[in-house]
Amino acid sequence: MALRKPLRDRIDRVPPDWITAPATALVLTACAAAAALAAGEGVRVARDALPLPETLAAYVVFSRAAQFAFLVVALGYVAYRGTPERYVRFGRPSWRDLGWLVAFFPLLVLASGITTSVLGALGIPLVSSAGSTGPSLAEHPGVLPLVFVVYFLFGAPAEELLFRGVVQGRLREAFSAAPAIVLAAVCFALLHVPFYLQSGETAALTNLLAQTFYGGLLFGLLYERTDTLVVPAAAHATMWSWNVLAHYATALAAAI
């Protein structure tokens, strides 16, 4: 009869990285979703209990509560691994990197058009990905400096640090670029499921997940090609601010 291996030897056996890396990515995604939902609920309770201002500036700040939670999860994992240089990469972009940033937007339009056509042909409900707060922000130019700070210097970098720096970075330790980007985009899409369900967007859930997935693919591609989180963060923040930027671009064109 074969003897069982000692317990110590069985405990010391570590699963292969192609198992632990995706598992880690999923755990980080679940932790980020739970932390973000808790942060959002905390903001709601605080605004109900305290005399906080009901202003557009307050909305801009409080709307990024989820990104604060993402930052906590990302920095917690980086501290646990003890290798910040592996995951926290905010190097100065080159001119070539900025070219990738410019290329992101036609690629996004192309991906959106393909997705809309396919889902429409399948009879799946569609919904616009444009933010509903853009016109309000555009009509209050005094809040734009705050929008820039909160979106471009905090919110988008925090979210990209978690999903491109940490999640995609961890997956890149086990896989080549393409699988790592795809798996990170899947995690990015899954993260948004509870928020879409919470907002009541269940009818168009497939469309929303498709939008989030191809957005994650493109952010991942930017990070892979540029090796700096500055570029995907700038693209991400620009997407959040698209209605505002389009409003002022139209006004400037009319004035000229």
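Computed over heavy atoms, backbone and side chain alike; hydrogens, waters and symmetry mates excluded. Counting begins at 1 with the first residue of the sequence.
Listed by chain and number, the residues in a salt bridge (Lys or Arg N to Asp or Glu O under 4.0 Å) with Arg64 amount to none (sequence neighbours excluded).
In terms of heavy atoms, Arg225 sits closest to Arg96 at O-NH1, 3.2 Å. Between Ala58 and Arg47, the closest heavy-atom pair is CB-NH2, 4.5 Å. Of all the heavy atoms in Pro232 and Thr226, the pair that sits closest is CD-OG1, 4.5 Å. Nearest heavy-atom pair, Asp97 versus Ser94, reported as atom, atom and distance to 0.1 Å: OD2-N, 2.9 Å. Between Leu71 and Ala158, the closest heavy-atom pair is CB-CB, 3.9 Å.
Linking ILVMFWY side-chain heavy atoms closer than 4.5 Å, directly or via other members, places Leu217 and Leu110 in two distinct hydrophobic clusters. Under the 4.5 Å side-chain heavy-atom criterion for ILVMFWY residues, a single connected hydrophobic cluster contains both Tyr87 and Phe163.
Side-chain N or O atoms of Gln168 include one that pairs as donor or acceptor with a backbone N or O of Gly220 at under 3.5 Å.
Two residues are said to be in side-chain contact when any heavy atoms from C-beta on lie closer than 4.5 Å; Pro157 and Tyr151 fail this criterion. Side-chain contact between Val167 and Phe188 is absent, with no heavy atoms from C-beta onward closer than 4.5 Å. Trp240 is not listed as a side-chain neighbour of Val147, based on a closest heavy-atom distance of 4.5 Å or more. Contact of the Leu37 side chain with the Gln198 side chain is registered, since non-hydrogen atoms from C-beta on lie closer than 4.5 Å. In this structure, Thr212 and His192 have side chains that are in contact, with non-hydrogen atoms separated by less than 4.5 Å.
The aromatic rings of Tyr80 and Tyr77 lie tilted to each other, with the angle between the two planes from 30° to 60°.
Pairs of residues two or more places apart, or lying in two chains, that qualify as ring pair (Phe, Tyr, Trp, His ring centres under 6.0 Å) and include a residue from residues 215-235 are Phe104-Phe219, Phe219-His236.
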Between Glu224 and Arg172, does the salt bridge (Lys or Arg N to Asp or Glu O under 4.0 Å) criterion hold? Intermediate values first, please. CA-CA 10 Å; Glu224 182 67 30; Arg172 274 300 261 128; 3.1 Å; yes

Check the pair Val230 / Arg92 against side chain to side chain contact (heavy atoms under 4.5 Å, CB included), numbers first and verdict last. CA-CA 7 Å; Val230 171; Arg92 179 184 299 177; over 6 Å; no

Could you tabulate the donor-acceptor pairs under 3.5 Å formed by side-chain atoms of residues 23-35, not counting sequence neighbours?
| unit_1 | atom_1 | unit_2 | atom_2 | d |
| --- | --- | --- | --- | --- |
| Thr24 | OG1 | Thr20 | O | 2.7 |
| Thr29 | OG1 | Ala25 | O | 2.8 |

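Enclosure of atom CZ in Phe154 by more than 12 non-hydrogen atoms of other residues, nucleotides or ligands within 6.0 angstrom is indicated.
Partner Leu209 forms a side-chain contact (heavy atoms from CB on, under 4.5 Å) with one of Asn207, Leu205, Thr206 and no other, that one being Leu205.
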